Amino acid sequence: MDWISDSDDLKDGFVNTLTAWYEHHKRDLPWRHTRNPYLIWLSEVILQQTRVAQGRPYYERFVAAYPTVQSMSDADERDLLRLWQGLGYYSRARNMHRTAQYVAGPLAGKFPETYQELLKLPGVGTYTAAAIASFSFNEKAAVVDGNVYRVLARVFGVEADITTTLAKKTFAKLADQLIQLSDNPATYNQAIMEFGAIQCTPVSPDCLICPLQQRCQAYLTGRQRELPVKSRKNAVRERYFNYIVIRQGDRIALKERTEKDIWQHLYDFCLIETEEPMEAFRELPEGAILNWVLQEGILKGLSDERTHVLSHQRIRARFWLVEIPEGRNVPLPDGLIFCKPSDTERLPKPILVVDYLKSLHF
DNA sequence: AAATCGGGGGA
DNA sequence: TCCCCAGATTT
């Protein structure tokens, strides 16, 4: 009886080839020296939508600052955000803190050990749950990330649009079939992602020395550039940020961002957003308090327009530095608070603000 | 199902 | 420029 179909044979070769390839090509990365689920989880959250080269130094700093889930649970959330500064997608840091508190508290320090249980943690979705379940506990849970979409789409010639729900299910099913054939799901999951990151890259994959070359639908039909199929392109919104940087002595007025917008719980300056570039800030229809600040203050400088690009927004920012004379007691608008240099340094801020503050020292 | 959430780096 | 990165959550 033919209980192994051609298709299964192909898949088996794929799994074995990738696993063998990995043993010879894997990078030496810090989170590959442990099975500690806390450290694996920490690395995976940091690496969500983040390149290894960018995330690695953050991982090192987080491990040094918070070596255990208990220590992270005990941390001030602002300190976590400050350490996260520059990584982007800041809700990851807050979800990370919530998970740390949940594990350290109700779970008594014991990390969940199965895919289904891991999935319940804040900030842990299908990818991260599969990663922890396999890397730490060797569960046959298939990771499906950007690398996996690309490798599977090319090798197996899957033309489904990866932005659609149906395609996600198709890829997840294929990935699940594949990992069932593996003797070591932890290694296989690492292997397919590493292969996508190093060999089967988005642009100009290194097909000439590819061990899957003669089994790759994309290579055999010259469609490496067309696969995977990804339709949706992001509309970029234009925004104009006019920052009033209120300074008195060495203190600067900062404000926590609390609205439902980018950079939640990070700190920036007094912000006036406009639909068009603003030239004369003294004519703004704003609150009386701000007007008083602007009248009492002395305009010390106006920065060039800086463009800050996010995935869905292009922000044009200008910074108006307003000096309040020492000794004068000027009430600040809404949530603004004067911060001494050490506090300004300690608070989490968007890179746009960090860069401006650096330029201020000259 | 689609929108939203950062910042950086490679080609 | 454009693409996309060890995605998750909200709308």
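Values in this document were obtained by computation on a predicted structure and should not be read as measured data. Each chain gets a letter, A, B and so on, in the order its sequence line appears, and its residues count up from 1.
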- [ ] Can you tell me the distance, in whole Å, between the CD atom of A:Gln85 and the C1' atom of B:dG8?
- [x]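 About 15 Å, once rounded to whole Å.
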May I ask you to evaluate whether [X] reaches the phosphate of [N], defined as a side-chain N or O under 4.0 Å from OP1 or OP2?
X: A:His312; N: B:dG6; value: no
X: A:Tyr90; N: B:dG7; value: yes
X: A:Arg150; N: C:dC5; value: yes
X: A:Trp263; N: B:dG7; value: yes
X: A:Thr126; N: C:dA8; value: yes
X: A:Gln49; N: B:dG7; value: no
X: A:Thr128; N: C:dA8; value: yes

Task: Residues A:Gln248, A:Glu323; criterion side-chain contact (heavy atoms from CB on, under 4.5 Å); working and verdict - done: CA-CA 6 Å; A:Gln248 186 171 37; A:Glu323 187 85 40; 5.5 Å; no
Open item on the list: On the six-membered ring of A:Tyr58, is A:Arg61 placed so that its NZ or CZ lies under 6.0 angstrom from the centre and within 45° of the ring axis?
Closed with: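 A:Arg61 over A:Tyr58 ring: yes.
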Task: Nearest-nucleotide pick for A:Thr165, side chain only, options being C:dA8, B:dA1, C:dA6 - done: B:dA1
TODO: Any salt bridge (Lys or Arg N to Asp or Glu O under 4.0 Å) involving residues 157-167 of chain A? Give me the pairs, sequence neighbours left out, ordered by first then second residue.
DONE: A:Glu159-A:Arg223
